[in-house]
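Please read the structure below before turning to the comments.
Per chain, numbering begins at 1; letters A, B, ... match sequence-line order.
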Protein chains: 2
Amino acid sequence: MKSPQRRMTKQRKKILEVLKSTRSHPTADWVYDEVKKEIPNISLGTIYRNLNVLREMGEIIELNYGSSYSRYDANSDDHYHFTCLECGQVMDVDLDMDRELDGEVADCIGGEVSYRRTEFFGYCAECSK
Amino acid sequence: MKSPQRRMTKQRKKILEVLKSTRSHPTADWVYDEVKKEIPNISLGTIYRNLNVLREMGEIIELNYGSSYSRYDANSDDHYHFTCLECGQVMDVDLDMDRELDGEVADCIGGEVSYRRTEFFGYCAECSK
DNA sequence: ATAGATGCAAAGGTTTTGCATAACT
DNA sequence: AGTTATGCAAAACCTTTGCATCTAT
């Protein structure tokens with residue numbers, strides 16, 4: 001199966017344009033409102049379809065990537081996670097966190113850092129064989 | 001307003017027990033199925049309520065923490081994000097990523113790392129005044 | 001005794017999809 | 001022309017919530 005050839009419709013173009021013109025990491029809904037100012041009859045479905053297409057094309061990143069539902073972990077120490085893109089498994093990574101980074105980030109934004117979450121994505125031992 | 005006193009019901013106890021006995025970072029649904037084996041008439045609502053309570057108590061971590069909807073970013077280079085716990089704003093952090101870590105994680109799990117996502121949580125300049 | 005928790009079912013909010021029509025290339 | 005995208009509306013999906021009842025403290 002080959003991937004479809006992509007067309008640059010005015011909707012898709014505008015959606016990308018809106019995303020490129022902001023640093024606010026908007027939600028689909030915000031993009032919808034924004035694009036509607038120029039293409040009033042665009043539908044939310046088109047927004048979502050295009051966000052997915054643009055992500056597949058590597059033009060944009062989706063934060064909260066991957067799953068639509070939450071996962072829970074009874075190990076509440078800060079630690080890294082690894083998610084396999086093939087089998088979906090989520091596992092702990094036994095490495096110490098670089099705590100210095102928290103301070104650097106706090107300085108950088110001029111605020112306070114309470115905690116952080118780092119997730120690695122790739123292929124697990126089993127799936128990368 | 002004071003926070004309510006928590007009771008350790010058999011439902012809450014069992015849910016925590018199930019979470020502590022696995023390293024699979026389960027979803028609410030999986031926990032539901034698991035707990036149902038011993039408390040057949042437990043409801044999904046109770047699972048969700050308790051997962052939230054246990055998180056507030058600091059007993060467990062919720063991955064994909066924070067928002068129910070996705071945010072999109074047209075800057076597809078890997079970079080850090082910071083989310084303000086007060087105002088909900090998400091911003092980019094202008095710091096270089098420590099790329100060495102990817103290799104360390106790959107070695108640690110015996111697989112491959114494609115990319116990673118790091119999100120810092122805390123209070124932004126405005127909100128931490 | 002009483003605040004807090006449960007079960008059930010209905011509602012909520014976000015994202016996806018089926019289908020007929022329209023528009024790129 | 002033929003494939004890909006759109007608009008609309010309905011459905012799907014995960015999570016939350018209202019309410020009457022029950023229970024831990």
* So, A:His79 versus A:Asp96: side-chain donor-acceptor pair below 3.5 Å or not? -> no
* Under the 3.5 angstrom rule, does the side chain of A:Arg71 hit a backbone N or O of B:His25 as a donor-acceptor pair? -> yes
* Structure fact -> Between CD of B:Glu56 and C1' of C:dG4 the distance, given in whole Å, is 14 Å
* Asked: Say you draw a straight line from CD of A:Glu59 to CG of A:Leu19; how long is it, rounded to the nearest 0.5 Å?
  -> 10.5 Å
* Backbone of A:Ile42 reached by a side-chain donor or acceptor of A:Thr46 within 3.5 Å -> no
* **Length of the CD1-P vector between B:Ile47 and C:dA9, whole Å** => 16 Å
* Take the protein atom CG of B:Asp33 and the nucleotide atom P of D:dC14, then report the distance between them rounded to whole Å. => 12 Å
* To do: Measure the distance from OH on B:Tyr32 to C1' on D:dC13 and round it to the nearest whole Å.
  => 16 Å
* **Within the 6.0 Å centroid threshold, strictly below: A:Tyr115 and B:Phe121** => yes
* Distance, rounded to the nearest Å, where A:Tyr48 contributes OH and D:dA12 contributes P -> 18 Å
* Look at the side-chain N and O atoms of A:Asn52 and state whether any lies under 4.0 Å from the OP1 or OP2 oxygen of C:dT15. => no
* Send over the distance from A:Asn50 CG to C:dT17 P, rounded to a whole Å. => 15 Å
* For B:Arg12 and C:dG7, give me the distance from atom CZ to atom P, rounded to whole Å. => 12 Å
* **Value in whole Å for how far the P atom of D:dG7 lies from CD1 of A:Ile39** => 7 Å
* Asked: When you check the phosphate oxygens OP1 and OP2 of C:dC8, does a side-chain N or O of B:Ser43 lie under 4.0 Å from one of them?
  -> no
* If you find the nucleotide of DNA chain D closest to A:Val53 and the one closest to A:Asn41, which residue's nucleotide is nearer the 5' end? -> A:Val53
* To do: Give the B/S/- string for nucleotides 19-25 of chain C, one per nucleotide from 5' to 3', where a protein heavy atom under 4.0 Å of the base yields B, of only the sugar-phosphate yields S, and otherwise -.
  => ----BBS
* Considering only NZ, NE, NH1 and NH2 on the basic side and carboxylate oxygens on the acidic side, decide whether A:Glu17 and A:Lys20 come within less than 4.0 Å. => no
* Ionic contact status for B:Arg117 with A:Glu119, cut-off 4.0 Å -> no
* Which part of the nucleic acid does B:Asp29 contact within heavy-atom distance under 4.0 Å: base, sugar-phosphate only, or nothing? -> nothing
* B:Leu44 near the nucleic acid: base, sugar-phosphate alone, or nothing, with a heavy-atom cut-off under 4.0 Å? -> base
